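Quick notes on the structure that follows.
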Amino acid sequence: MPAIYATAPGKAILFGEHAVVYGYPAIAVPVLQVQAKVVALPNLSGPKGEITLDAPDIGLHADLEKLPGNHPLALAVHQTLATMGVERSPAVILRITSTIPVAAGLGSGAAVSVALIRALSSFLGKPLNDSQVCAAAFEVEKTYHGNPSGIDNTVVTYAQPVYFVRGQPPCPMRVARPFTLIIGDTGVPSPTVAAVTDVRDRWLAERERYEALFSEIGKLANRARPTIEEGQLEELGALMDENQAKLEQLGVSSPELDRLIQAARQGGAQGAKLSGAGIGGNMIALAPAEKSAQVEAALQMAGAVRTIVSVVHSVEKHEPD
Ligand code: PMV
């Protein structure tokens, strides 16, 4: 059995975070500059059934059975075996590495799950298809994040821009004219579950107000879809700014995010907003390609701990199965 590896990209949410949890549409894109990678190495000296997880980045080296049952890596392994109907795998070491910042709104958890599910199922000789991978990763997200919409595991699995509504099949998007995003990291960790729980508590306390905000955010995603698919990028930046204003009203922005968003706009971006759960994590800015270096410099001057320039384009790929 040869060593097998699989990768999965990071992601950014262009429109609709948080509202997507409540059934409103959202748009997300893969960020191919960062990725999770899982190598499945046969362990020729190990007993059948022994699965070792080796994640040097987080100082983890442990047998599956020693990990708590709700550990996300253990969950991803169990989901894979259950989906495949395999009870005991040949001994294998799963080496997990990732360049995606953790708890930063870039889909790190979903990418690790997707890469692991792909690597392990390929190692076992029957690679799961995209829709099985996506479903298995969603189960991991559910245990780990409480009430995920499914957008992270979807965009990371299909690695292409998607228009997404919770519970519906994802719609891959055609990008008529490639556009450039500059991603800036506040360096403030923001676990998704905390932000999603905060928003839920506020929604429960003031249902009408929050439903109205979610609905307006959903309308922005619906307005953004044709601008991307038809290449009217002039409008896209303004829609991002409008989405950011709504996210501020939801209470998920922060001084650090506001500072980077302001700096990007002053540095020549056409629009900017937080991306993902908010509170900390990353923001994204839209800029003409020739201004991306200028916007990146403005973000660094304003305290971004890391910047990524990512061009969003169509991906020639099969339709989701
Ligand atoms: O995992 P994050 O931080 O990118 O957040 C995902 C987007 C949310 O809408 C906040 C949560 C969800 O499940 O859709």
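Treat the numbers as computed from the prediction; the structure is a model and nothing was measured. For ligands, and for the atoms within them, numbers begin at 1 and follow the listed sequence.
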> Hey, is K142 close enough to E139 for a salt bridge, meaning N to O under 4.0 Å?
Replying inline: yes
>> So that I can tick it off, tell me whether E17 and K246 are bridged by a salt bridge, with the cut-off set at under 4.0 angstrom between side-chain N and carboxylate O.
In response: no
> Is there side-chain contact between D198 and H18, with at least one heavy-atom pair below 4.5 Å?
Replying inline: no
Using a strict 4.0 Å cut-off to heavy atoms of [X], name the atoms of ligand 1 that fall inside it.
| X | value |
| --- | --- |
| P148 | 13 (O) |
| V20 | 9 (O), 14 (O) |
| I151 | 14 (O) |
| E17 | 9 (O) |
| I13 | 6 (C), 7 (C) |

>> Using 30° and 60° as the class boundaries, would you call the ring planes of F214 and Y22 parallel, tilted or perpendicular?
In response: parallel
>> Using 0.5 Å steps for rounding, measure from the CG atom of L14 to the CG atom of L181.
In response: 5.5 Å
> So which residues get pulled into F138's cluster when ILVMFWY side chains under 4.5 Å apart are joined, directly or through others?
Replying inline: none
>> Going by side-chain contact (heavy atoms from CB on, under 4.5 Å), P25 matches just one of I217, N222, V20. Which one?
In response: N222
>> Taking a cutoff of less than 4.0 Å between a non-hydrogen atom of the residue and any ligand atom, is K11 in contact with ligand 1?
In response: yes
Tell me which protein heavy atom sits closest to [atom], plus the residue, atom name and distance to 0.1 Å.
| atom | answer |
| --- | --- |
| atom 8 (C) of ligand 1 | H18 N, 3.9 Å |
| atom 1 (O) of ligand 1 | D152 OD2, 2.8 Å |
| atom 2 (P) of ligand 1 | T192 OG1, 3.5 Å |

> Does an N or O from A277, backbone or side chain, lie closer than 3.5 Å to an N or O of ligand 1?
Replying inline: yes
> atom 13 (O) of ligand 1: which of S149, G107, G280 has the nearest heavy atom?
Replying inline: S149
> What are the two closest non-hydrogen atoms of T7 and R118, and how far apart are they?
Replying inline: O-NH1, 3.9 Å
